[in-house]
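Shown next, in structure tokens, is the structure this report addresses.
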Amino acid sequence: MIELTQDTINTDAVLDSVASTEAGAVVLFLGTTREFTAGRQTASLDYESYGEMAQRKMEELEADARRRWSLIEVTLVHRLGHVGLGEASVAIAVSSPHRGDAFTAGQWLIDTLKEIVPIWKKENWADGTSEWVHPGMPTTTCPETDPK
Amino acid sequence: MIELTQDTINTDAVLDSVASTEAGAVVLFLGTTREFTAGRQTASLDYESYGEMAQRKMEELEADARRRWSLIEVTLVHRLGHVGLGEASVAIAVSSPHRGDAFTAGQWLIDTLKEIVPIWKKENWADGTSEWVHPGMPTTTCPETDPK
Amino acid sequence: MNIEVKLFAAARQAANQETLSIEIAEGATVQQLKTELGQQFPGLKTMLDHLLVAIDTEYAGEDQVLQAGQDIALIPPVSGG
Amino acid sequence: MNIEVKLFAAARQAANQETLSIEIAEGATVQQLKTELGQQFPGLKTMLDHLLVAIDTEYAGEDQVLQAGQDIALIPPVSGG
């Protein structure tokens, strides 16, 4: 299951989507919104994506993971729009006959998603400023009246 | 949270127990009952433990994991008694500021739990026989009228 | 030829619009598109070295030749997860 | 001295009881307890090489000396998870 959603991620539904009597192991990863990053306080996040490409890249990730490891089901869900503190922005679940494959594939999926899937995060800092996060690129602080 | 329970594992409660606004990553592992093992069909499992020692060993696992990795919360739940196909016999959840620690600690916890915590599984095969699983020890097939 | 370029995140914000329309020569490469964008939209100039280009939802190399009718997007460094 | 030994899983099943009562010499070690158990309870004999002993809920070495009042258990290879 591949999903980009504006809604809160339903972890029960994510776990149900990978359940199988062939599975001996399920690994679920949740990326959650941390309040402090290097001592700076976050109020919330906003996520934006290039939808068609993000969907396609997530489908490629699933296909690649299935080629590399023995997996039964793979689910990738990424949240878009406004995400509050402590909430999950991404959920990755895999089921496998064996736990080694489930852990390795789960970690590879989140590592690779973060490298290649066209989704962007805006940090809304507690001090009222906000900025798009673009690793390696000089920082831009957004005006509060970002048009989107 | 450390728990040995006769009840179905409530994955929502397990995830809630590790939620934190300090966490950037949550990893949940579920060990689930596979229907086929090396071509042989399982009908169900039964788990038994040396309760006081299992509790103590699980507490030691949590303490060791907290020393080795940067973890916020750690939850270990193991089911006892009768466990049906597809159901979880064990749940391990960790939260951490960073995903690498969450994955590594999660895998170490299940690997080490399976090596040292005094809990035993009885396979109830679909053909009506059953046997205690003791890795490395010659197999004993149980009569159907196991006294416990 | 005229192409439309989709923008996201800080690139969208710098240009203050979601798509740019730009005139490039027939046979222009991704590299040439980026140079042209920097000249016509100064707000993008400091970002260009960090931007990838996607053609029809696939990452494109710098030497890849653009064709009319393709779906073109500027992809700043991603930060999902 | 007389000690009670807790049994689990296949060991419990082989002895058909949850605890065994056994007489061992003062100063006997874990190793000597296991030898004695094999002699008095033939059903356990084939398992002995695979059984660990726990004293007061901690795994014990073969040379550890047993004392009256301790909580003693036979631990067959574990299979939780």
Side-chain angles (χ1 to χ4, degrees), chain A residues 9-16 18-39 41-45 72-73 83-111 113-114 121 126, chain B residues 9-16 18-39 41-45 72-73 83-111 113-114 121 126:
Chain A
I9 295 176
N10 180 336
T11 50
D12 275 340
V14 170
L15 287 172
D16 284 349
V18 300
S20 164
T21 58
E22 292 170 57
V26 169
V27 168
L28 170 70
F29 170 81
L30 300 176
T32 55
T33 307
R34 249 202 329 252
E35 184 165 10
F36 288 95
T37 303
Q41 191 175 8
T42 296
S44 65
L45 302 175
I72 298 161
E73 299 293 344
V83 178
L85 280 190
E87 292 183 31
S89 51
V90 61
I92 290 180
V94 298
S95 53
S96 170
H98 303 290
R99 71 186 186 281
D101 278 359
F103 275 106
T104 310
Q107 183 149 21
W108 180 85
L109 283 163
I110 181 61
D111 289 350
L113 180 149
K114 289 174 79 90
K121 167 168 73 175
Chain B
I9 294 176
N10 180 338
T11 50
D12 276 340
V14 170
L15 287 170
D16 285 349
V18 300
S20 165
T21 58
E22 293 170 56
V26 169
V27 168
L28 170 69
F29 170 81
L30 300 176
T32 55
T33 307
R34 250 202 328 252
E35 184 165 10
F36 288 95
T37 302
Q41 192 175 8
T42 296
S44 66
L45 302 175
I72 299 161
E73 299 294 343
V83 179
L85 280 189
E87 292 183 32
S89 51
V90 61
I92 291 180
V94 299
S95 53
S96 170
H98 303 290
R99 70 186 186 282
D101 278 359
F103 275 106
T104 310
Q107 183 149 20
W108 180 85
L109 283 162
I110 181 61
D111 288 351
L113 180 148
K114 289 173 78 89
K121 168 168 75 174

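Below, all heavy atoms of this structure are taken into account, side chains as well, without hydrogens, waters or symmetry copies. A note on names: the letters A, B, ... follow the listed sequences, proteins ahead of strands, and every chain is numbered from 1. In this text, all values refer to a predicted model and were calculated from it rather than measured experimentally.
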Could you work out, with side chain to side chain contact (heavy atoms under 4.5 Å, CB included) as the rule, every residue matching A:N10, not counting sequence neighbours? A:D12, A:A13
Chain A contacts: which residues in residues 24-36 of chain B have a non-hydrogen atom closer than 4.5 Å to it? B:G24, B:A25, B:V26, B:V27, B:L28, B:F29, B:L30, B:G31, B:T32, B:T33, B:R34, B:E35
Taking non-hydrogen atoms and a cut-off under 4.5 angstrom, which of residues 96-109 of chain B neighbour chain A? B:P97, B:H98, B:R99, B:G100, B:F103, B:G106, B:Q107
Who wins among A:S20, A:A19, A:A23 for the most heavy-atom pairs under 4.5 Å with chain B? A:A23
Which residue out of A:I110, A:T37, A:T42 racks up the most heavy-atom pairs below 4.5 Å with chain B? A:I110
Any residues in residues 85-93 of chain A near chain B, with a heavy-atom distance under 4.5 Å, and which are they? A:L85, A:G86
More than 12 heavy atoms from other groups under 6.0 Å of CD on A:Q41: yes
